[in-house]
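Every chain is numbered from 1, with letters handed out A, B, ... down the list of sequences. Note that the coordinates shown come from a computational prediction; the quantities given were computed from them, not determined experimentally.
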Number of protein chains: 2
Amino acid sequence: MSTSSTRDRLLDTAAQLFAENGFDRTSVRDITTAAEANQAAIHYHFGSKEAVLRAATDRVVGPLNERRHQLLDDLLADEHEPTSDQLLRIFLQADLETLQALQDRGAAARLVGRVYSDPSPAMQAMARDQFGETGARFADALAAALPKLPADEIVWRLEQIVAVIVNLFLRWPHEGVTPTEAAVLLDRLVAFLGPGLSAPPP
Amino acid sequence: MSTSSTRDRLLDTAAQLFAENGFDRTSVRDITTAAEANQAAIHYHFGSKEAVLRAATDRVVGPLNERRHQLLDDLLADEHEPTSDQLLRIFLQADLETLQALQDRGAAARLVGRVYSDPSPAMQAMARDQFGETGARFADALAAALPKLPADEIVWRLEQIVAVIVNLFLRWPHEGVTPTEAAVLLDRLVAFLGPGLSAPPP
DNA sequence: GTCTATAGTATGATAGAC
DNA sequence: GTCTATCATACTATAGAC
């Protein structure tokens, strides 16, 4: 049960540097130096550089997925047939709550954005592992809410929405974002993405 | 006027490898080996590894910007006050024409997507150099078409649209896309993004 | 324009003392 | 758990013969 504080410091520092400079431009030495830890600490605590990346993204995406599922469970308990706008709103709400909760650890958000936008096989695999199931569940719920839209159109539109969200993570500001600002951003996103999600197919 | 075919081969190969594996995971040696050129050829023809990246993206983004300006000029000559849907359509049309024209050189498209989604200062600088002016011109035209929307809301929405386009480049398929498929995709994008662009502010 | 050879540096990872 | 020292390998870039 011994949680070494060095491990946490390494994780925070790695997220910071990976987010700012990218995974490849960040060396193990950069991390250990900035975290004021030993050169060998990364391999002792995590085993490899890539394992640090996975640990740092899991720390954000794990709770995010949990929150998304919980919000969907709650909505389905309240409403028999939620609208696409309701589904979109809770989908985005989970993101904004997560981003908001990070506060001064916004680098973790930008790091997740990097991983999810990188089309390299290794990163795509990580993204699919972490997001695939949750995404499929929302696609199904949206299909029920939008019976007039072909299933592939719904999947395609959800992909575009995710692209916007990934961009949001990627450019999440360094300074703290207040709850009010986060709420405004949520309304902005719903106002922009909602009409397109439920629009008639071309 | 001597255009060495080695130079072109290096450019194509570099685009291919940068797109598939990323700039940092691609070495100068990887490029020269795959292009069946000499180790020193990159530095002889371009000067540095980063100069190759810039040359490879310029080759796509240069014509794309020209086409965007031309389509906007044509539209403004035809219509005194084009609608936001008309503006959106030509904005996207320039992208799809460019992507379509690449044909079997789709790697160049994925490479541009990588550069434009990378938030590192060097890449952001490249993106701003190449896209800033064109983007501003469209934002102005949209502001005239949507007088009820605050200017900052228009800029924000255009940023989200660009995020979707960048994602489109990033995941542009390896196989050839037919003109018909490109036209379908254009309609799909306009149907999805158009309503959100002109929606009332939150 | 093309080649070989190499300088000069940085990398991820590990061994082994404490 | 932390440290130093180091292995083995890779990198960008350049010098200089052809």
Expressed in angstrom and rounded to an integer, what is the separation of B:Arg29 atom CZ from C:dT4 atom P? 12 Å
Between A:Arg68 and A:Asp95, is the closest basic N to carboxylate O distance under 4.0 Å? yes
Hey, can you pull the residues of residues 31-43 of chain A with a non-hydrogen atom under 4.0 angstrom from DNA chain D? A:Asn38, A:Ala40
Provide the closest heavy-atom pair for A:Ala55 versus A:Leu11 in the form atom of the first, atom of the second, distance. CB-CD1, 3.8 Å
A:Tyr44 vs A:Asp30, nearer the 5' end of DNA chain C by closest nucleotide: A:Asp30
Does A:Ser27 place a side-chain N or O at less than 4.0 Å from the phosphate oxygens OP1/OP2 of C:dA10? no
Not counting sequence neighbours, list each pair that qualifies as a ring-ring contact (aromatic ring centres under 6.0 Å, His included) and has a residue in residues 118-147 of chain A. A:Phe91-A:Phe138
Check residues 121-129 of chain A and write down every donor-acceptor pair under 3.5 Å in which the side-chain atom is one partner and the other belongs to a residue at least two apart or another chain.
none

Residues pairing under salt bridge (charged side-chain N to carboxylate O under 4.0 Å, His left out) where one sits in residues 162-181 of chain B, two or more places apart or in two chains, turn out to be none
Contact list for residues 12-37 of chain B, test ring-ring contact (aromatic ring centres under 6.0 Å, His included), sequence neighbours left out: B:Phe18-B:Phe23
Check DNA chain C against residues 10-23 of chain B and give the residues with a non-hydrogen atom under 4.0 Å, in numerical order. none
Please state how far atom NE2 in B:His45 lies from atom C1' in D:dT12, giving the value in whole angstrom units. 17 Å
If you look only at pairs with a residue in residues 184-202 of chain A, which of them pass as a salt bridge (charged side-chain N to carboxylate O under 4.0 Å, His left out), with sequence neighbours excluded? A:Arg89-A:Asp187, A:Arg188-B:Asp152, A:Arg188-B:Glu153
Roughly, in whole Å, what's the span from NZ in A:Lys49 to P in C:dT11? 8 Å
What is the distance, rounded to the nearest whole Å, between atom CZ of A:Phe46 and atom C1' of C:dG12? 16 Å
When rounded to whole Å, the CZ to C1' distance for the pair B:Arg7 and C:dT2 reads 17 Å
Salt bridge (charged side-chain N to carboxylate O under 4.0 Å, His left out): pairs with one or both residues in residues 130-144 of chain B, sequence neighbours excluded: B:Asp73-B:Arg137
Are any of B:Thr6's side-chain N or O atoms less than 4.0 Å away from OP1 or OP2 of C:dG1? no
Qualifying residues under salt bridge (charged side-chain N to carboxylate O under 4.0 Å, His left out), relative to B:Asp24, sequence neighbours excluded: A:Arg25
